[in-house]
There are 2 protein chains.
Amino acid sequence: MIFDAIDKKLLEYLQQDSKQTNKELSNKLNLSVTAVYERIKKLEKEGFVNKYVALVNKDQVDKSFVAFCHIKLIQHTQDYVVKFEKEVTNLNEVLECYHISGDYDYLLKVLVKDMVAFREFMVKKLTSINHIGSTHSMFVINEVKHTTAINF
Amino acid sequence: MIFDAIDKKLLEYLQQDSKQTNKELSNKLNLSVTAVYERIKKLEKEGFVNKYVALVNKDQVDKSFVAFCHIKLIQHTQDYVVKFEKEVTNLNEVLECYHISGDYDYLLKVLVKDMVAFREFMVKKLTSINHIGSTHSMFVINEVKHTTAINF
DNA sequence: ACTGAAATGTCAAGGCC
DNA sequence: GGCCTTGACATTTCAGT
């Protein structure tokens, strides 16, 4: 299918602010409202846009503590891996979980209220998952950059 | 100000899908359309909602390679830190950058097309920033979980 | 891809617990 | 203070060209 420079621009705009009206977008792109509408529908249908979401200010909802946890499993049998991934996915505090190369198997991004809550999380939730070998945590001192917008 | 159970639910819904109409939300929350509207405006005004965005499927736009880079600076003078953070923020490939505790100073999330592009990025862009001491990269094998929605 | 028109949504005003 | 109803206005959505 076609994915031209205009679609690119359109995705850029929608990644910055998805609440813009098609009219505003049509001005920026020098198109008619309907043309914009149809392009957006096409992009949604073809799977370019996964979803539209509101980004919430974590500090406002009392979740100011961010940590990254490296995790190594004891074993790497299919069983263990599937189970671990499932259990970790179900943890509300875990916003992201990546299977990665290197010394550790997984990298988790954890969001909680404070250090006390983090300790709670580690002791009661994370390490209560079986087959975890070792963990190594890093605390976020400052969020220098954080965007959901892909540049292309 | 008040931030009750309904606001909570509302934020949850908006984090899942910000394109829902107020009517749909009003049904889910057993409120009138206007009540929903006013609560949303209040949440926006009070800074609970940072922005509304479209989340783009990275694979569809040929950005399938994700890496996390640890970075250690040579020195930590105000000067070096400020400059590094600024330069890193300007790199399109860097979606996230955190100042963290531990052996390394920073953790970066980098998004590019493939391993070749990643090498390009490291050699030509990242390590051309001065005062970088050492780096350590981890490649994402699989994205097990990735959400922007905060649970509270 | 555009015009135009119907359907649907947003948002302000005034009144009621 | 928050909720509701009403109505004006804007936007989305779709048919026809």
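In what follows, every chain begins at residue 1, and chains take the letters A, B, ... in the order their sequences are listed.
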> Could B:Glu38 and B:Lys41 be called an ion pair, given the rule that one side-chain N must be under 4.0 Å from one carboxylate O?
Replying inline: no

> Within the distance-only criterion (no hydrogens, no angle test), does the side chain of A:Ser137 pair as donor or acceptor with the backbone N or O of A:Cys69 below 3.5 angstrom?
Replying inline: no

>> Treating B:Gln60 as the side-chain partner and B:Asn57 as the backbone partner, does any N or O pair qualify as donor plus acceptor under 3.5 Å?
In response: no

> Can you check whether B:Glu24's main-chain N or O pairs, donor with acceptor, with B:Asn27's side chain at less than 3.5 Å?
Replying inline: no

> Are any of the side-chain nitrogens in A:Glu12 or A:Lys28 under 4.0 Å away from the carboxylate oxygens of its partner?
Replying inline: no

> Over how many whole Å does the gap from B:Glu44 atom CD to C:dT10 atom C1' extend?
Replying inline: 12 Å

>> Return a single string for nucleotides 1-6 of chain D, one symbol per nucleotide in 5' to 3' order, where B is base contact, S is sugar-phosphate-only contact and - is none, cutoff 4.0 angstrom on heavy atoms.
In response: -SBSBB

> OP1 or OP2 of C:dA1 less than 4.0 angstrom from a side-chain nitrogen or oxygen of A:Tyr37, does that happen here?
Replying inline: no

> Would you say the side-chain atoms of A:Tyr106 and A:Glu85 include a donor-acceptor pair closer than 3.5 Å?
Replying inline: yes

>> So which atom in B:Val36 and which in B:Ser26 form the shortest heavy-atom distance, rounded to 0.1 Å?
In response: CG2-CA, 3.6 Å

> Does A:Lys145 use its side chain to pair, donor to acceptor, with the backbone of B:Leu91 at less than 3.5 Å?
Replying inline: yes

> Has the side chain of B:Thr147 got a donor or acceptor atom that lies under 3.5 Å from a matching backbone atom of A:Leu95?
Replying inline: no

> Would A:Asp103 and A:Lys72 pass as an ion pair if we require N to O under 4.0 Å?
Replying inline: no

> If we fit an axis to the first five pairs and another to the last five of the helix from C:dA1-D:dT17 to C:dC17-D:dG1, what angle do they make, to the nearest 10°?
Replying inline: 30°

>> With the threshold set at under 4.0 Å for non-hydrogen atoms, list the residues of residues 18-25 of chain A touching DNA chain D in residue-number order.
In response: A:Thr21, A:Asn22, A:Lys23

